[in-house]
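These numbers come from the heavy atoms of this one structure, side chains and all, not from hydrogens, waters or symmetry mates. Everything numeric in this text was worked out from a predicted model, so none of it was measured. Numbers here simply count residues along the sequence, with the first being 1.
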Amino acid sequence: ADLREARFDDAELEGALFQQCELARAGLDAVALRGVKLQGIDLRQLAPTALRLLRCRVVGCDLGGLDLSGADVTDSVFFDCRLAEASLHGARLEDAELGECDRGGADLREVRASRASFGNANLVGARLGGAELRAASFTEARAPRADLAGAALSHTDGDRAQPGGARPP
């Protein structure tokens, strides 16, 4: 479907499926997505503000360089997505799973993540300064050159994580 430049501002979308559709420059200001599935979509040209994702699945999407600052992501799964150079600065990640995703160079500063899973993730050069990570899982994550300066980690596991030069908090 061609949804380029469609306006979803202030909308609440529930149970929708967006699969291999064109969303370039669609308006997503103050949008709440509940139980929505996004699959195989290039989302790099979006500029959402005050985005909320609740119980969503984002699979095989390209979010590289996307600004998701301040987003509220709860009980949602990102799988096999590209988040390299994306900004999640100040985002809230509650019970979120970001497995098998490339987050190299991502801006995760001041992220508030409780029970979030970064399993088998590429966090090469990711910036996590000032992040609050509570009960987060980094099982088998790769994090060379990640910056954890000022991050607060509590009850966080790193089983088989490969820090490879991560700068400690």
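In this structure, the separation between CG on Asp42 and CG on Leu23 is 9.5 Å, given to the nearest 0.5 Å. Note that SG of Cys61 and CG of Leu38 are 5.5 Å apart. Values are rounded to the nearest 0.5 Å. Once rounded to the nearest 0.5 Å, the distance linking CG of Asp62 with CZ of Arg82 reads 4.5 Å. Here Asp95 contributes atom CG and Thr74 contributes atom OG1; the two are 7.5 Å apart, rounded to the nearest 0.5 Å. Rounded to the nearest 0.5 angstrom, Leu66 CG and Leu43 CG are separated by 6.5 Å. Here CG of Leu128 is found 11.5 Å from CD of Glu110. Values are rounded to the nearest 0.5 Å.
Below 30°, between 30° and 60°, or above 60°: for Phe18 and Phe8 the angle between ring planes is above 60°, a perpendicular geometry.
Proximity of a side-chain donor or acceptor of Glu5 to a complementary backbone N or O of Arg7 within less than 3.5 Å is not detected. In terms of modelled atom types and a separation under 3.5 Å, the side chain of Arg103 and the main chain of Leu98 share a donor-acceptor contact. Under the 3.5 Å distance criterion, the side-chain polar atoms of Asp9 are left unmatched by any main-chain donor or acceptor of Ala11. Within the 3.5 Å criterion, the main-chain N or O of Ser137 finds no donor-acceptor partner in the side chain of Thr139.
A continuous path of ILVMFWY side-chain contacts below 4.5 Å connects Leu93 to Val36, so both sit in one hydrophobic cluster. Hydrophobic clustering places Leu148 together with Phe118 (ILVMFWY residues linked when any side-chain heavy atoms are closer than 4.5 Å, directly or through intermediates). When the side chains of ILVMFWY residues are joined at heavy-atom separations under 4.5 Å, either directly or via intervening members, Leu46 and Leu51 end up in a single hydrophobic cluster. A continuous path of hydrophobic side-chain contacts links Val58 to Leu3 [ILVMFWY only; heavy atoms under 4.5 Å]. Linking ILVMFWY side-chain heavy atoms closer than 4.5 Å, directly or via other members, places Phe78 and Leu13 in a single hydrophobic cluster.
Donor-acceptor pairing under 3.5 Å is recorded for the side chains of Ser114 and Arg134.
Here the closest heavy-atom approach between residue Cys56 and residue Gly35 is recorded as SG-N, 4.0 Å. Taking each heavy atom of Ser76 and Leu53 in turn, the nearest pair found is OG-O, 3.4 Å. Pairing each heavy atom of Val111 with each of Leu88, the nearest pair is CG2-O, 3.2 Å. Here the closest heavy-atom approach between residue Val73 and residue Ala96 is recorded as CG1-CB, 4.1 Å. The two atoms that bring Glu94 and Arg112 nearest to each other are OE2-O, 4.3 Å, heavy atoms only. Of all heavy-atom pairs spanning Cys21 and Ile41, the tightest one is O-CG2, 3.5 Å.
Side chains of Leu68 and Ser87 form no contact here, defined as non-hydrogen atoms less than 4.5 Å apart.
Counting heavy-atom neighbours within 6.0 Å of Arg115 CZ, excluding the residue itself, gives a total above 12.
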For this session: Output, in order, the C-alpha distance, side-chain angles, deciding distance and verdict of side chain to side chain contact (heavy atoms under 4.5 Å, CB included) for Gln19 and Lys37.
Result: CA-CA 8 Å; Gln19 186 172 11; Lys37 183 174 182 181; over 6 Å; no
For this session: Dump the intermediate steps for side chain to side chain contact (heavy atoms under 4.5 Å, CB included) on Arg52 and Arg34, then the final yes or no.
Result: CA-CA 8 Å; Arg52 293 187 338 225; Arg34 289 185 174 83; 3.2 Å; yes
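A salt bridge links Arg92 and Asp72; the closest N-O separation between the charged side-chain nitrogens and carboxylate oxygens is under 4.0 Å.
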